Every structure is written in structure tokens, then in C-alpha cells.
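Remember, predicted model here, so these are calculated numbers, not experimental data. Every chain is numbered from 1 and lettered A, B, ... according to where its sequence line falls, protein lines coming before strand lines.
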Amino acid sequence: MMIDMWSDEKIHEFRETLLSWYDADGRATLPWRQDTSPYRVWVSEIMLQQTQVNTVIPYFERFMTRFPTVQSLAEAPEADLLKVWEGLGYYSRVRNMQKAAQQVVGDFQGEWPKTMKELQTLKGIGPYTAAAIASIAFKEPVAAIDGNAFRVFSRLFKIDSDIAQPATRKEFFELGNKIIDPVRPGDFNQAIMDLGSSFMTAKNYDSENSPVKAFNAAYLDGTESYYPVKSKAKKAKRVNYAAILVQNDDDYLWEKRPEDGMLANFWTVPLVNIDEFIDDADVQWTDDEIKIALEGYLLKNYGISASLSMVEIKPITHVYTHQKWYVSVFSAVISSDTPLKQGNWRDFETLMQDPQPKIQEKIWKAMQIK
DNA sequence: AAAACGTGGAG
DNA sequence: TCTCCAAGTTT
């Protein structure tokens, strides 16, 4: 689409207005702004993907203490990575971070690449994160286009491209590159983010008091509520699961999830997708029929002969972005020396040393185990 | 291009 | 309860 591009003079005024505000009222105390080494900037940027600042702060501090250098991260066992990331979500982020750390150590001799283009060759670093690191740590004048930038620029210029469309990112990137401050590109990008999370939020924005209200075309003509244009996401699909909690003296049955998909590689109690388990979708199984089927499942897959009981009538619900889980908990207490066909037995204290996804916490809680 | 990938908070 | 949002990347 065509936008009403600013004059050079207006661009200069905008930079000055934005950066003056940032110097006076920006979030200068954020821990990752104290020192703009590429490692620190990178760690913070990955954590901040789809995650709010207040959530990230304690994780960032712990992470930097546990893995102070890119070398220490490159060498860490995966379980340690996940344990530090536990509860933060999108766990592929930290796995990719380790691969990227190994790339920096191995392919770049421990020296961080300094350009957006090169940074994007690292695992888990896409166009946004590459631009953020390049601009903040190395002063490359490239626009970091994230949700804030989409929101701020769409209002300033009344851009009605759908920001949910991947192709739209290029348009905003090119616009941002025209107005970014070439002397202070990192501060410019961070100022846009601070603006986007204060006066120019998605809801309850306060453009009247925004430092850049004079540049906000949508505000000036009263059409601000229209921006940014974003198509609706699909509704989360309902998925039914059974959690099978088997206790053998002090131990619980514990199993590693597949390498791909939801909660990849986490150790959990066996979680059975009931919808897949019941092959005929037209038949509604009763709880008792499910119980009997799960007992057969336990015997076949684990060699465990047990009589299950349903713990809660009401399933535990857990909402992900694209799935809503309804987890019915079944349990049994056995006493057996029979070897397991798969999985293993672990006492509670030992298994808690593994990273726990939130759904697992909810299962312990439903069982009143802690 | 569209779907997958976690969690917590706000309204 | 439900919807949308929060410093995106990968496949």
C-alpha cells in the first residue's frame, strides 16, 4: 500500500522527540539495558519473544548467573537448560539458543557476528532478533519489527496492511529503516518498544499524552481504534487427555515425551491423547470404558497390571495458544518388581529435579502431591 | 502461507 | 469463561 511518507525534516523532528522522551522516561533500569554486550542482549531478546517484561526479569537474572558466557551455555546439559527455562514456555527457544551458542563458539571462534544478516544465520534468531542485537549491541541502523513496532508505526502512518500476514513485515521493516536514527539505532528501536508498551499499547492506549502524538496520523484524525489491522487467530482446539499416575511404593511412573510436538522431551507421567486413543470418533466412550482401555494400555506398553481409578470427575484444563487440554487423571497404587517395558520409576524428589511443564504441576496439585 | 509452539495477565 | 495480548521463529 502507499503511505504518506514524512519529509526529511519531519523524520529528524521525530527522532529528536522520541529519543528525548526515551532519555528522560524510558525504562533505563531494565537489567539487560545496563550492559549491551551481544550475549546479554541476545538472551534478553529471546526471552522477551511473546513474553512480558515482568515475567522475563527474574528468568534473565537467573539465566545470566547460571550461564554467564556463551561458552558456558554451549556446553550445558539439555536438562540444565530446560530447568532454567522451566515455566517460561516456548521451550524450543532455549534449545535453539544452545545450538546458536555452539555456532558462535564453533563457527565464529567465540566472536559474535556483528551484522543483522550474519546474526540471522544463528539458530532461533529471526529478522526481529537479528535487528535488535545488531542495532543495540553493534549500532547497525536496522529496524527491529516486533509487535510494538507494528502497533506504533501502523498508527503513526495509518498503515492498514494485516500485521498477521508474514508479507507485511517487509513493509514495516523498510519504513522503519527510513526513519530509524542512524546515530542511535539501538536506542531508537528500544524507544519504539517503550512507546508501544506505555502510551501506544494494544488496548487502553493513551495517545493524548504520548510524546509523539503530533506524529500520530491515526490519533490526529480519530481513527486510531482501527489500527493495527490484524486478522483473527483460529480458536484453540479442544483435546482430551488422560494422565495416568502410577505409584509403586515411593516411586512414580515417569516417561519422556517425544522429541517433536508439544512439550517435546519433557519427562511427565504418561499422557494419553484420548481422541487418538479412541479410533472411532463417532462413539462416545464412558469413563469406565476409558478406564478399562487405559488399563490395557498400561499392560501393553509398560507391562504394568493395575486397577485404575478416576481421581477427579472434572478434568484439569490447561490452555495453550492452539490447543485447550482437558486432562482426566487416573491413578493406581501398585507394588511390583516387574521390569518396565518403557519409562522408569522415580521418587518424587528425584523427578522434581527434571523441568516441569505447568500441566504437570496441575496434575500433582489435583493429586495433592507436593 | 499457515500452523505449531507455553504461559500469565488483562478486561 | 472467553478472547486477546506479550520484545517471534521454525517448518
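For the P atoms, the distance from dG8(B) to dT9(C) is 22 Å, rounded to whole Å. Comparing the same atom, C1', in dA6(C) and in dG6(B) gives a spacing of 12 Å after rounding to whole Å. Comparing dA1(B) with dT10(C), their C1' atoms sit 13 Å apart, to the nearest whole Å.
The base of dA4(B) sits with one of its N or O atoms less than 3.5 Å from a complementary donor or acceptor on the side chain of His322(A). In the interface, the side chain of Thr51(A) is paired with the base of dG6(B) through a donor and an acceptor atom under 3.5 Å apart.
Within residues 222-237 of chain A, the residues that place at least one heavy atom under 4.0 Å from DNA chain C are, in residue-number order, Lys230(A), Lys232(A), Lys235(A).
Two residues are said to be in side-chain contact when any heavy atoms from C-beta on lie closer than 4.5 Å; Arg33(A) and Ile136(A) fail this criterion. Between Glu259(A) and Asn265(A), some side-chain heavy-atom pair lies under the 4.5 Å cut-off. Two residues are said to be in side-chain contact when any heavy atoms from C-beta on lie closer than 4.5 Å; Glu295(A) and Ser307(A) meet this criterion.
Comparing Arg27(A) and Asn96(A), the nucleotide of DNA chain C nearest to each residue sits closer to the 5' end for Arg27(A).
A search for side chain to side chain donor-acceptor pair (under 3.5 Å) contacts involving Glu78(A) returns Arg95(A), not counting sequence neighbours.
Following rounding to the nearest Å, Gln52(A) (CD) and dG6(B) (P) show an atom-to-atom distance of 18 Å. Following rounding to the nearest Å, Arg169(A) (CZ) and dA1(B) (P) show an atom-to-atom distance of 13 Å. Protein atom CG of Leu48(A) is 16 Å distant from nucleotide atom P of dG8(B), rounded to whole Å. Between Gln360(A) atom CD and dT7(B) atom C1' the separation is 16 Å, expressed in whole Å. What separates CE of Met262(A) from C1' of dT7(B) is a distance of 11 Å, to the nearest Å. Following rounding to the nearest Å, Lys362(A) (NZ) and dG6(B) (C1') show an atom-to-atom distance of 11 Å. The distance from atom OH of Tyr320(A) to atom P of dC5(B) is 10 Å, rounded to the nearest whole Å. Atoms CG (Leu263(A)) and P (dG6(B)) sit 6 Å apart, rounded to a whole Å.
Phe150(A) pairs with exactly one of Ile159(A), Val229(A), Thr168(A) by the side-chain contact (heavy atoms from CB on, under 4.5 Å) rule, that one being Thr168(A).
Atoms OG and OH, on Ser154(A) and Tyr226(A) in that order, are 11.0 Å from each other to the nearest 0.5 Å.
Using the six-membered ring where Trp is involved, Tyr39(A) and Trp42(A) have ring planes that are tilted, between 30° and 60° apart.
With ring centers used as reference points, Tyr90(A) lies 6.0 Å or more from Trp85(A).
Listed pair His318(A) / dT7(B) meets the phosphate criterion, a side-chain N or O lying under 4.0 Å from OP1 or OP2.
Think of the region where chain A sits on DNA chain C: with heavy atoms and a 4.0 Å cut, that region ends 5' and 3' at dC2(C) to dT11(C).
Under the 4.5 Å side-chain heavy-atom criterion for grouping Ile, Leu, Val, Met, Phe, Trp and Tyr, Leu119(A) is not connected to Val142(A) through any hydrophobic cluster.
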